[in-house]
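Every heavy atom of this structure was used, including side-chain atoms; hydrogens, water molecules and symmetry mates were not. Numbers here are sequence positions counted from 1. Given the structure is predicted, the values throughout are model-derived calculations rather than measurements.
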Amino acid sequence: MAETKVKAAPKASNSTKKTSTPKAAPKGKAAATVKQPDPVLPPANEEAKAATGAPKATTPDTLEFSKETYLTWYEQMQLMRKFEEKAGQLYGQQKIKGFCHLYIGQEACVAGAVSALTKDDKWITAYRDHAHPLALGTSPNAIMAELFAKATGCSKGKGGSMHIFDKEVNFVGGHGIVGAQVPMGAGIGFAEKYNKTGNLCIAYMGDGAVRQGALHEAFNMAMLWKLPVIFVVENNGYAMGTSVQRTSNVTELFHIGRGYDMPSEPVNAMNVEDVHNAVARAAERARAGEGPTFLEFKTYRYKGHSMSDPAKYRTKEELEDYRSRDSIEAVRHTILTHNLATEEDLTAIDEKIKAQVLESVEFAENSPYPTADELFKDVYVQQDYPYIRD
């Protein structure tokens, strides 16, 4: 694990100190244009954005990571982005059916954590789960085939978009029951501690999951037994279509962990460096036997909750504000500004990823569907379980 530096929290700007009363919503429409509280992310510098195409707020003046790390981040995040964009397109063509929750905009939440952890650590998340295994090394072919419900998918076509699994990369799955993965992540951490592996579990959840009772039970047990778990809430501002301030008295969600004396902090998760540093600190505590950490990743999804969500509960201005701080563009700008690679080098990476995604679509379309007898497999460990099939 690379040694990391702790960055000072950004100073509050005038734009974050002053708030204006939002206009009333038109009659018959939800009061959805309420600007989300944004205490962690600094405002984009408009002059710098116009000059460079990237937000100055997320571009470091000096490098604290290697060229290889930045290029890996760029490639990982571009693969997540292009894969998800293609998945959205295919959903519109009805080649992918059922539910489909895209990760577009939140890529740094995963890329920064992967670089801070080891290949032996375990991962678990909710149903917005395509990006995590992609960054961990699962083949795009296997994930796309799973979205197509094909037998060659990583869950053999039985899980679909919401239940991606890959034991080979220690991805313990996406889970459809809100908050269910939180106590499961604690359980995985318990197993790692019991077996004295030195590994940990990172458990992701959405901001809606923090209202589940299972989270509080898991937090209590994890702190009591000092389990090696990093709990992460990906706070993208909305639980489905409902803003955080309409569902919780506590809008600074990291404070919830402090109620259990759990080390907790907010993280600018539109900045991959900040994500890496926060996860690295949490991992060091976990491996030292000091127990869990709760991280609130301040992030944003550019698409709706799922493909069926038109996202009319937010303004175009709010969306564009977050797009101006895009994590991929920030890394791209850092790479070019510090001469870590050329435009041609990055174009070559982009073309490589485009080919990977197209190959995954071709693979999925040409793969077979599961046969009927697969219905009775992978349910119980006992291979000859006596099902009643009449």
Side-chain angles (χ1 to χ4, degrees), residues 99 101 103 106 109-110 113-114 117-136 138 143 146 154-156 158-235 239-240 253-254 256-257 259-260 262-264 279 282-283 285-287 291-297 378-381:
F99 291 102
H101 304 81
Y103 206 70
Q106 299 184 202
C109 295
V110 170
V114 170
L117 300 178
T118 74
K119 291 184 179 298
D120 294 321
D121 292 323
K122 308 300 188 296
W123 291 63
I124 192 168
T125 190
Y127 43 78
R128 198 179 303 277
D129 62 346
H130 311 156
H132 304 72
L134 280 172
L136 289 169
T138 302
I143 299 176
E146 190 60 38
C154 50
S155 298
K156 300 183 181 180
K158 303 175 184 181
S161 170
M162 298 172 69
H163 303 98
I164 304 292
F165 281 79
D166 190 353
K167 182 180 178 181
E168 296 302 315
V169 298
N170 287 317
F171 183 64
V172 194
H175 297 265
I177 299 176
V178 175
Q181 75 279 11
V182 181
M184 293 174 69
I188 295 168
F190 177 86
E192 298 298 327
K193 181 172 183 175
Y194 183 84
N195 291 318
K196 299 179 181 179
T197 64
N199 304 323
L200 58 83
C201 177
I202 183 167
Y204 285 75
M205 69 200 81
D207 48 90
V210 300
R211 261 76 72 186
Q212 295 292 329
L215 174 139
H216 299 276
E217 295 172 349
F219 276 21
N220 182 59
M221 296 175 80
M223 278 300 295
L224 181 64
W225 295 336
K226 297 297 182 286
L227 301 181
V229 184
I230 303 173
F231 295 107
V232 173
V233 55
E234 295 174 303
N235 183 3
M240 297 184 72
L253 301 181
F254 68 94
I256 294 172
Y260 298 89
M262 186 184 299
S264 306
V279 172
R285 285 195 293 267
R287 298 190 209 283
T293 299
F294 184 42
L295 302 176
E296 180 185 359
F297 281 4
D378 304 314
V379 179
Y380 295 100
V381 173

- All pairs passing salt bridge (charged side-chain N to carboxylate O under 4.0 Å, His left out) where residues 160-181 contributes a residue, at least two apart: none
Sequence neighbours excluded and cut-off under 3.5 Å, please list the side-chain donor-acceptor pairs for residues 226-234, or say none.
residue : atom : partner : partner atom : Å
Lys226  : NZ   : Met223  : O            : 2.7
Glu234  : OE2  : Tyr103  : OH           : 2.2

- Note on the structure: The ring-ring contact (aromatic ring centres under 6.0 Å, His included) partners of Phe254 (sequence neighbours excluded) come to none
- Message: Among residues at least two apart in sequence or on other chains, which ones pass side chain to side chain donor-acceptor pair (under 3.5 Å) with Thr293?
- Response: Arg285
- Message: Holding to side chain to side chain contact (heavy atoms under 4.5 Å, CB included), I want the full list of residues that pass it with Ala209, two or more places apart in sequence or in another chain.
- Response: Val178, Met205
- State which residues pass ring-ring contact (aromatic ring centres under 6.0 Å, His included) with Tyr204; sequence neighbours excluded, sorted by chain then number. Trp123, His132
- Query: Between Tyr127 and His101, how do the two ring planes meet: parallel, tilted or perpendicular, split at 30° and 60°?
  - Reply: tilted
- So salt bridge (charged side-chain N to carboxylate O under 4.0 Å, His left out) across residues 186-212, not counting sequence neighbours, yields Lys122-Glu192
- Task: For Phe165, check side chain to side chain contact (heavy atoms under 4.5 Å, CB included) against everything at least two apart and list the hits.
- Result: Ser155, His163, His175
- Task: Identify, with sequence neighbours excluded, every residue that meets side chain to side chain donor-acceptor pair (under 3.5 Å) alongside Asp378.
- Result: Lys156, Lys158
- Considering residues at least two apart in sequence or located in another chain, which fulfil the side chain to side chain donor-acceptor pair (under 3.5 Å) criterion with Ser264? none
- Message: According to salt bridge (charged side-chain N to carboxylate O under 4.0 Å, His left out), does anything in residues 174-185 pair up with another residue at least two apart or in another chain? List the pairs.
- Response: none
- Do Ile188 and Val172 have side chains that get closer than 4.5 Å, going by heavy atoms? yes
- Partner set under side chain to side chain contact (heavy atoms under 4.5 Å, CB included) for Asp121, not counting sequence neighbours: Leu117, Thr118, Asn199, Leu200, Arg287
